[in-house]
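Each remark here refers to the structure printed beneath this line.
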Amino acid sequence: MVNTELFLAHFNRHRKLSNMNNTQQVITRFAPSPTGHLHLGHAFSAKLAYDFALKHEGRFLLRIENIDQGRCKPEYEDAIYEDMKWIGLTWETPVRRQSDHMSDYDDALNVLDQKGLLYLCFCTRKDIQREIEESGRAAHSSEGPLYPGTCRRLTADERQSRLDKGTPYALRLDMAKALALQGSEKLTWTDLRAGELIAEPDILLGDAVLARKDIPTSYHLSVVVDDHLQNISHVIRGKDLFHATHLHRLLQFLLGYDTPIYLHHDLLTDENGWRYAKRDNSKTLRFMRENGEEVRF
Ligand code: GLU
C-alpha cells in the first residue's frame, strides 16, 4: 500500500514557501528513463506529481528520458505508457521524448561554451582513478571522488594532439569559472521539505560532465533544459536526486532560466528496507498486474 497522504500535508505549505506569483500555473512532470520496467517507487513518484498538479488545478506531464539510446528500449517506453494507465494516471500529449530534441541540448551547450565554461575531457575512468591515486588527495563528495581536473590543465597543443588522434572526449563544466561568474550572489533554491537552500554545486559535484563521450548531452543538462522548456513549476522526484539539484540550480543561473520549486520525496522501500530497483522484476508494476496485485494509493 502506497501512502501519498503524508506528502499531501507538505503540499499545503507550498504557497507560503514558494516564490511563485499566484497567477503562475502549477506544472509537474514524471520523467522516467525506459531502461527497465516501472516499479512501485516510480508509481509513488508519478502519483505525487500527478496529485500535486490535480490539487492545484495544474498540468501533469510525462517525459521520456531516453538520451542513452544504448540502454533505453522501445518496449520499455511502451510499458511505461501501459503501466501509468494501469495505475490510473493520465497525462498530456504529445509526450516529450528527449531523443527528439537533441538540438535543444546543443543550443544550451553553445551558450555555456560562449561563456568559456566548458572544456574537453579525454580521460577514461581508469585515467581518473590513476590520477586520484597518484595525487593521493582527491576532493570527495557524497557521490565519490571529484574529477581532479586533469584535462582542465591541458595545454592547447596537448589538446590538439589528442583531437588529431581522434581520442573521444566529454565536455565538462569548469566549476571554478562558473562560480566566478556567480560572484558574491548566493544561488538559492526551495525544497518543500528541506526549506530554502543555498546551492553548493562545487562541493557536491565538481566539474560535472555536461556532454558524454558517447552522447552529446548528459542527464544533468537535459533535465535542466527540459524543465525550463516545459515550464515546470514544481519538480517532484526522489531524494536520490537531491544533490543533483545543487548543480541544476547553477546551470539554471548560467543559462538564464527560472528555478522551479522542488520536492524530493523519500524513496519507497520493500519490507526488508531495500529500495525498489528496475532490475528486481518481482517489484515491477507489470509483475504486480500479471499476478493480480493492486497498487492502492
Ligand atoms: N530520469 C530520471 C530517472 O529515471 C529522473 C529525472 C528527474 O526526475 O529529474 O531517475
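Order of appearance sets the numbers: ligands from 1, and atoms from 1 within every ligand. What you are looking at is a predicted structure, and each value in this text was computed from that prediction instead of being measured.
- Evaluated by nearest non-hydrogen atom to atom 6 (C) of ligand 1, the leading choice among R237, R63, E65 is E65.
- Residue contacts with ligand 1: Y219 is included, with a non-hydrogen atom under 4.0 Å away.
- Contact check on R286 versus E75 returns no salt bridge, with no Lys/Arg side-chain nitrogen under 4.0 Å from an Asp/Glu carboxylate oxygen.
- At a heavy-atom cutoff of 4.0 Å, ligand 1 is contacted by the side chain of L241 but not by its backbone.
- A donor and an acceptor atom, one from each side chain of Y219 and D68, are nowhere located under 3.5 Å apart.
- Side-chain contact between Q230 and I27 is absent, with no heavy-atom pair separated by less than 4.5 Å.
- Backbone and side-chain nitrogen or oxygen atoms of A31 are examined, and one is located within less than 3.5 angstrom of a nitrogen or oxygen of ligand 1.
- With sequence neighbours excluded, no residue forms a side chain to side chain donor-acceptor pair (under 3.5 Å) with D106.
- Remark: ligand 1 atoms within the under-4.0 Å shell around heavy atoms of V223 are 9 (O).
- Between D240 atom CG and S45 atom OG the span is 8.5 Å, to the nearest 0.5 Å.
- Using a 4.0 Å threshold on non-hydrogen atoms, atom 10 (O) of ligand 1 does not count as touching the protein.
- Ligand 1 lies less than 4.0 angstrom from a heavy atom belonging to R29.
- Applying the salt bridge (Lys or Arg N to Asp or Glu O under 4.0 Å) rule to pairs touching residues 200-210 yields R152-D207, sequence neighbours excluded.
- Counting the atoms of ligand 1 from 1 in the order shown, those under 4.0 Å from a heavy atom of S33 are 1 (N), 4 (O).
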